[in-house]
Amino acid sequence: LEMRLGAIASRYLKTWFRMDASVVALDLTLATISHSGQSMALGVARMGKTMRFVRVSRFLKMLRLVRVLKLLAILEDTFGMITSGTTAAFLSITKLMGGVAVFAHFIACSW
C-alpha cells in the first residue's frame with residue numbers, strides 16, 4: 001500500500017488526471033454556456049453529449065474495480081492456508097465488511 005503523497009499524486013497525474021480534468025472542464029463549459037444566453041436547444045444537445053461522456057468515463061473508472069476481483073482471488077488462496085477456526089472466522093467477517101464498504105463506495109461513486 002503506497003502511503004507517500006508524492007508518489008500517489010504522481011501516479012494519479014500520469015493515469016486518471018486527464019480524464020477527470022476533462023470531465024470537470026466540460027461541466028464548467030456547460031455551466032458557462034447555459035449562463036451566457038445561448039439557445040436552450042443548443043444547451044440541451046450539448047448536455048446530452050456531455051452526459052454520455054460522463055457515463056463512459058464512469059464506466060472506465062469502474063473497470064479499475066477488476067483489480068478487486070484479483071485481490072479477492074488472492075485472499076481466497078490465503079484463507080485456504082489458515083488452520084485456526086477463530087482466525088478464519090475473524091478474517092471471514094473482515095472480508096464481508098470490506099465487501100460491504102467497497103459496494104457502498106461503488107454505489108456512492110456511481111451516484
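No hydrogens, no waters, no symmetry mates; every other heavy atom, side chains included, goes into these values. These figures come from a predicted structure and were not determined experimentally.
There is a path of hydrophobic side-chain contacts, each under 4.5 Å, that joins Met19 to Leu13.
When atom types are taken as modelled, the side chain of Ser92 and the backbone of Ala88 share no donor-acceptor pair closer than 3.5 angstrom.
Counting heavy-atom neighbours within 6.0 Å of Tyr12 OH, excluding the residue itself, gives a total above 12.
Interatomic distance, Leu91 CG to Leu96 CG, rounded to the nearest 0.5 Å: 11.0 Å. Interatomic distance, OG of Ser22 versus CG of Asp20, reported as 7.5 Å (0.5 Å rounding).
Residues Phe90 and Thr86 have side chains not in contact (no heavy-atom distance under 4.5 Å, counting atoms from C-beta outward).
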